[in-house]
Amino acid sequence: MRPYYEYRHLVGFEETNLVGNVYYVNYLSWQGRCREMFLREHAPDVLEEIRDDLKLFTLKCECEFLAEITAFDELSIRMRLEDLTQTQIGFAFDYVRLRDGLEDLVARGRQRVACMRGPNADTRPAKVPAALRKALEPYSVAAPAGRPRVLADITSGD
């Protein structure tokens, strides 16, 4: 089993700018798409909870660009669990261009998500669902001692 969840993407012209390289906002969109496909494939019960009242709020999203990509580049967006608290999840993403059997790291990203529940006018932090914790477990980034980095909640919430 791979230590990451992989979402494959073929870049289209609509994702490029006038110069011909991929417009930066698409990298963030692909993070969201990768996360959604992970839920669909590995945590479908969580999708039911989202249809009910679970909300996954993206608190922070970032991307570091290492090389340009263009239309028809094939990408592997690789998601790993970076850290996990009672109510939040930290993801790490590698954007890898696949060409002629070679892999080229073109960008790195991170995303922090908070689990919330309740009506839109009164959402409150909620525990990460057990089904999601279990689904993410195999994709955890190893800590220096070889153990997953799972952070405990701080008394203030996270």
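Values reported hereafter were calculated over all heavy atoms of this structure, with side chains retained and with hydrogens, waters and symmetry mates removed.
In this structure, CD in E82 is found 12.0 Å from CG in L84, a value given to the nearest 0.5 Å. To the nearest 0.5 Å, atoms CZ (F57) and OG1 (T123) are separated by 4.0 Å. Separation of atoms OH (Y23) and CG (L28) is listed at 10.5 Å; rounding is to 0.5 Å.
Two residues are said to be in side-chain contact when any heavy atoms from C-beta on lie closer than 4.5 Å; M116 and P125 meet this criterion. I89 has its side chain within reach of L81: a pair of non-hydrogen atoms, C-beta onward, lies under 4.5 Å apart. Side-chain atoms of I69 and V11, non-hydrogen and from C-beta on, do get closer than 4.5 Å to each other. Between L75 and Y7, every side-chain heavy-atom pair lies at or beyond the 4.5 Å cut-off. At least one side-chain heavy atom of V113 sits less than 4.5 Å from a side-chain heavy atom of R35.
Cluster membership for L105 and M79, using ILVMFWY side-chain heavy atoms within less than 4.5 angstrom, is not shared. Under the 4.5 Å side-chain heavy-atom criterion for grouping Ile, Leu, Val, Met, Phe, Trp and Tyr, I50 is connected to F91 within one hydrophobic cluster.
Note on E103 versus R78: salt bridge recorded, some NZ/NE/NH1/NH2 to OD/OE distance being below 4.0 Å. Between R40 and E36 no salt bridge is recorded (no basic side-chain N to carboxylate O distance below 4.0 Å). By the 4.0 Å N-to-carboxylate-O rule, R117 lies too far from D52 to be salt-bridged with it. For K55 and D53, the salt-bridge test fails: no basic side-chain N is under 4.0 Å from an acidic carboxylate O. Look at K134 and E137 and you find no salt bridge, because none of the NZ, NE, NH1 or NH2 atoms lies under 4.0 Å from a carboxylate O. With respect to D104 and R99, no salt bridge is recorded, no charged nitrogen being found less than 4.0 Å from a carboxylate O.
Heavy atoms only, all atoms of each residue included: Q88 and V128 are closest at N-CG2, 3.9 Å. Contact record, E49 with P129: OE2-CB, 3.6 Å, taken as the closest heavy-atom pair.
Ring centers of Y27 and F93: at least 6.0 Å apart, outside the cut-off.
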- Query: Stepwise, does the side chain to side chain contact (heavy atoms under 4.5 Å, CB included) test hold for L132 with L39?
  - Reply: CA-CA 8 Å; L132 183 51; L39 290 173; 3.7 Å; yes
- Step by step, would you call Q111 with K60 a side chain to side chain contact (heavy atoms under 4.5 Å, CB included)? CA-CA 5 Å; Q111 193 175 104; K60 181 179 181 180; over 6 Å; no
- Steps toward side chain to side chain contact (heavy atoms under 4.5 Å, CB included) verdict (L98, R8): CA-CA 10 Å; L98 308 172; R8 292 274 182 113; 3.3 Å; yes
- Could you walk me through whether Q31 and Y95 pass the side chain to side chain contact (heavy atoms under 4.5 Å, CB included) check? CA-CA 9 Å; Q31 284 185 18; Y95 301 79; 2.9 Å; yes
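Of the possible polar contacts, none joining the D100 side chain to the L102 backbone as a donor-acceptor pair under 3.5 Å is found. Panel note: side chain T16, backbone F13; a donor-acceptor pair is recorded below 3.5 Å. A distance-only check finds no donor-acceptor pair linking the side chain of D122 to the backbone of P119 [under 3.5 Å].
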Side-chain donor-acceptor pairs under 3.5 Å in residues 61-68, sequence neighbours left out?
residue, atom, partner, partner atom, Å
E68, OE2, N21, ND2, 3.2

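Between W30 and H9, the angle of the ring planes lies from 30° to 60°, which puts this pair in the tilted group.
Y4 belongs to no hydrophobic cluster with other residues, because no ILVMFWY side-chain heavy atom falls under 4.5 Å from its own, directly or through intermediates.
Looking at S76 and R97, their side chains never bring a donor and an acceptor atom within 3.5 Å of each other.
Of the candidates E41, R80, H42, E41 is the only one forming a side-chain hydrogen bond (donor to acceptor under 3.5 Å, both in side chains) with Y5.
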